[in-house]
Amino acid sequence: MEKYEFISPCHFGMEAILKREIYDLGYDIVKVEDGRVTYAGDEETLCRANIGLRTTERVLLKVGDFHAETFDELFEAVRAIPWERFLSEDARFWVAKASSVKSKLFSPSDIQSIVKKAMVERMREHYGIEWFDESGASYPLRVFLNKDEVTIGMDTSGESLHKRGYRILSSKAPITETLAAAMIMMTPWKGDRILVDPFCGSGTFPIEAAMMAADMAPGMNRHFLAESWTNLIGKQTWQDAFEEARELVNPDVDTDIQGYDIDGEIIRAARDNARRAGVDGLIHLQQRAVKDLRHPKKYGFVITNPPYGERMEEKKALPEIYRDMGEAFGRLDSWSEYVISSWEDAERYIGKKADKRKKIYNGMLKSTIYQYIGPKPPKRGERRAGDGVMCKGTL
C-alpha cells in the first residue's frame with residue numbers, strides 16, 4: 001500500500017488525547033501542533049481513522065507543505081504538487097476552507113482562488129485537456145497558513161466526524177460528540193465505573209461513554225466522502241475496516257451510566273438518540289433535577305455540561321442551579337466531578353475551588369473545564385463492603 005501522512009484537527013488543548021487515540025490505533029505520530037495531529041499510514045489508516053477516532057472533526061490526507069510569502073510562490077508550489085496522483089480526470093475539486101495565521105498571505109478568498117488555478121494548470125499539463133467537467137467524485141481541500149508555512153490536505157471525511165448519526169434532536173446548549181468524548185477520555189473513568197450526567201440534555205455524554213464501554217467505533221454507522229475515491233482506495237479496504245469495527249463491539253458489557261435532566265421532553269429525545277446509537281440498553285435516562293442527585297456508592301464520576309445562561313432570563317436561574325450542583329457534589333463522597341461551563345461565576349456558586357482548570361472553546365463559547373478530582377478507589381481485593389458499583393437506575 002502507498003504511504004501517506006494524515007492530519008486530524010481537534011479542540012485546542014485536547015491534542016494529547018487525540019495523539020493517544022492515534023497511537024492506540026497503531027499509527028506513528030509525525031507532528032503535534034496546536035489543534036491538530038499529523039500521523040503516518042496508508043489507505044487502511046484513512047478508513048480506520050475515520051471510523052474509529054472519537055476526538056477529531058475530520059481526517060485530512062496531506063498532499064503538500066511548503067513555504068510561501070507571495071501569491072506567485074503559492075501558485076508555483078501548488079502547481080508542483082503531483083495532483084494526478086490524487087485526482088482522476090473527472091474529479092470535482094475545490095478549496096473548501098483556507099485559513100491564515102501570522103502570514104503575509106491572509107485573504108482566504110484569494111488563497112482559495114490561487115490554489116484552484118494552480119491545480120487546474122497542473123491537471124491541464126498532465127491530462128492534456130483544457131476543460132474539466134468535474135463530474136466525478138468530490139475532493140474538497142483545506143489550506144492552512146501559519147507563519148508563511150502552507151499545508152494542504154484533502155478532506156476524506158465529508159460531514160464532520162462529530163456527526164455520528166444518532167443525534168437528531170438536541171438540547172439548547174449541546175456539546176459536540178467529539179468534545180464530549182475528549183472530556184470523558186481526559187478523566188480516569190473506565191467502563192466498569194459509575195458515570196452520571198445530571199444535565200444530560202440530548203444524552204451526548206452518556207451515549208459517548210456507553211459507546212466507549214462497548215468498544216463501539218463512533219463512525220461505524222455512517223458514511224465518508226472518501227468512500228467514493230475508488231482511484232485511491234478499494235471498496236474492500238473500506239469493507240474490511242467496517243467489519244473490524246463491528247467485530248470489536250461488546251454489547252453485553254456491564255455498565256452503570258446514568259443521565260438526568262429536568263426537562264422530560266429532552267429526556268425522551270435522549271432515549272431516542274441512545275436507541276439510534278445502539279446503546280439504549282447500556283444507559284439509564286430519567287427526568288430529575290440536579291438537587292435530587294445523590295448516590296450511596298463511592299468512586300463514581302460526574303461529567304456534565306450544565307446551563308450557561310446565554311439568554312438573560314435564563315442567567316437569573318444559574319446561581320440556584322450551580323448551588324444545587326455544588327451541594328450534590330458534597331453528598332457524593334469520594335467522587336470526581338468534571339464540569340464544562342462558560343459562566344464566569346460557575347466555580348463560585350459550586351462553592352468549591354477546582355483542583356484543575358482547562359480553558360477550551362465549546363463551539364464559539366470560551367469555556368472552562370472545572371476538574372474536581374476524587375481519590376483513587378482501593379484495589380479490587382482491598383474494597384470495603386459498599387464500595388462496589390451499583391445497578392443502574394438506583395440514583
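As the structure is a prediction and not an experimental result, all values here were calculated from the model.
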I'd like to know if the side chain of Gln112 reaches the main chain of Val95, judged simply by a donor and an acceptor atom lying under 3.5 Å from each other, with no hydrogens or angles considered. yes

If you group Ile, Leu, Val, Met, Phe, Trp and Tyr by side-chain heavy-atom gaps below 4.5 Å, do Ile175 and Leu365 land in one group? yes

Are the side chain of Arg164 and the backbone N or O of Asn221 linked by a donor-acceptor pair below 3.5 Å? no

Output a table of donor-acceptor pairs, distance under 3.5 Å, between side-chain atoms of residues 11-22 and any protein atom two or more places apart or on a different chain; print 'none' if there are none.
from  : atom 1 : to     : atom 2 : distance (Å)
Glu15 : OE1    : Gly13  : N      : 3.0
Glu15 : OE2    : Gly13  : N      : 3.3
Glu15 : OE2    : Gly35  : N      : 2.6
Arg20 : NH2    : Met185 : O      : 2.9
Glu21 : OE1    : Arg54  : N      : 3.3
Glu21 : OE1    : Thr55  : N      : 3.0
Glu21 : OE1    : Thr55  : OG1    : 2.6
Glu21 : OE2    : Arg54  : N      : 2.7

Check whether NZ of the Lys or CZ of the Arg Arg92 lies under 6.0 Å from the centre of the six-membered ring of Trp94 and within 45 degrees of that ring's axis. yes

Of all heavy-atom pairs linking Ile207 and Tyr166, the shortest is CG2-CZ, 3.5 Å

Could you report the tightest heavy-atom contact between Ala245 and Ile51, atom names first, then the distance? CB-CG2, 3.9 Å

Report the residues that fulfil side-chain contact (heavy atoms from CB on, under 4.5 Å) with Leu145, sequence neighbours left out, ordered by chain and then residue number. Ser100, Ser103, Leu105, Ile111, Val143, Val150

Is there a donor-acceptor pair under 3.5 Å between the side chain of Ser157 and the backbone N or O of Ser160? no

Hey, does the side chain of Ser334 reach the backbone of Lys298 with a donor-acceptor pair shorter than 3.5 angstrom? no

Would a single hydrophobic cluster contain both Ile152 and Phe71, if residues Ile, Leu, Val, Met, Phe, Trp and Tyr are joined by side-chain heavy-atom contacts under 4.5 Å? yes

For the side chain of Glu227 and the backbone of Phe224, is there at least one donor-acceptor N/O pair under 3.5 Å apart? yes

Who are the side-chain contact (heavy atoms from CB on, under 4.5 Å) partners of Asp345, not counting sequence neighbours? Trp343, Arg348, Tyr349

Answer yes or no: is there a donor N or O on one side and an acceptor on the other, between the side chain of Asp197 and the main chain of Phe205, under 3.5 Å? no

Those residues at least two apart in sequence (or on a different chain) that pass salt bridge (Lys or Arg N to Asp or Glu O under 4.0 Å) with Glu33 are Arg36

When every non-hydrogen atom of Asp261 is compared with those of Gly201, the smallest separation belongs to OD2-N, 3.0 Å

Taken in chain and number order and not counting sequence neighbours, the residues that satisfy side chain to side chain donor-acceptor pair (under 3.5 Å) with Glu347 are Arg357

Please identify each residue that fulfils side chain to side chain donor-acceptor pair (under 3.5 Å) with Asp280, with sequence neighbours left out. none

Between Val120 and Phe93, is there a side-chain heavy-atom distance shorter than 4.5 Å? yes

Which Ile, Leu, Val, Met, Phe, Trp or Tyr residues join Ile7 in one cluster when any pair of side-chain heavy atoms under 4.5 Å counts as a link? Leu60, Phe144

Closest contact, heavy atoms only, Pro251 versus Leu282: O-CD2, 3.7 Å

For Glu134, what residues pass the salt bridge (Lys or Arg N to Asp or Glu O under 4.0 Å) criterion, not counting sequence neighbours? Lys116

Residues two or more places apart in sequence or in another chain: which of them pass side-chain contact (heavy atoms from CB on, under 4.5 Å) with Arg246? Met220, Phe242, Glu243

Can you list everything that forms a side chain to side chain donor-acceptor pair (under 3.5 Å) with Thr56? Sequence neighbours excluded, please. none

Looking only at atom types and distance, does a side-chain atom of Asp42 sit under 3.5 Å from a main-chain N or O of Thr45, one as donor and one as acceptor? yes

Under a 3.5 Å distance rule, please check whether Thr151 uses its side chain to pair with a backbone N or O of Asp65 as donor and acceptor. no

Working for side-chain hydrogen bond (donor to acceptor under 3.5 Å, both in side chains), residues Thr156 and Asn50: CA-CA 8 Å; Thr156 74; Asn50 270 297; 2.9 Å; yes

Is the count of non-hydrogen atoms from other residues, nucleotides or ligands lying under 6.0 Å from Ile262 atom CD1 greater than 12? no

With clusters defined by side-chain heavy atoms of hydrophobic residues (ILVMFWY) lying less than 4.5 Å apart, directly or transitively, does Phe66 cluster with Met154? yes

Indicate if Leu248 and Leu161 have the same hydrophobic cluster label, given that clusters are the connected sets of ILVMFWY residues with side-chain heavy-atom separations under 4.5 angstrom. no

Shortest non-hydrogen contact from Ala217 toward Gly52: CB-CA, 4.3 Å

Here the pair of heavy atoms bringing Ser8 nearest to Val59 is OG-CG2, 3.9 Å

Sorted by chain and number, sequence neighbours left out, side-chain contact (heavy atoms from CB on, under 4.5 Å) with Tyr361 holds for Lys366

Aromatic contact between Trp229 and Tyr139, with the criterion being ring centroids under 6.0 Å apart: yes or no? yes

Scan side-chain atoms only and decide if Glu57 and Thr178 contain a donor-acceptor pair under the 3.5 Å cut-off. yes

Going only through I, L, V, M, F, W and Y residues with side-chain contacts under 4.5 Å, is there a path from Met123 to Ile129? yes

Quick check against the 3.5 Å criterion: does Ser336 have a side-chain atom that pairs as donor or acceptor with the backbone of Gly374? yes

Could you tell me which residues satisfy side chain to side chain donor-acceptor pair (under 3.5 Å) with Gln236, sequence neighbours excluded, listed by chain and number? Asp240

With a 3.5 Å distance limit and no angle check, can you tell me whether Asn231 reaches the backbone of Phe86 through a side-chain donor-acceptor pair? yes

Specify whether Phe132 and Tyr127 have parallel, tilted or perpendicular ring planes, treating 30° as the upper limit for parallel and 60° as the lower limit for perpendicular. perpendicular

Whether the His67 and Glu149 side chains hold a donor-acceptor pair (N or O, under 3.5 Å, no angle test) is what I'd like checked. yes

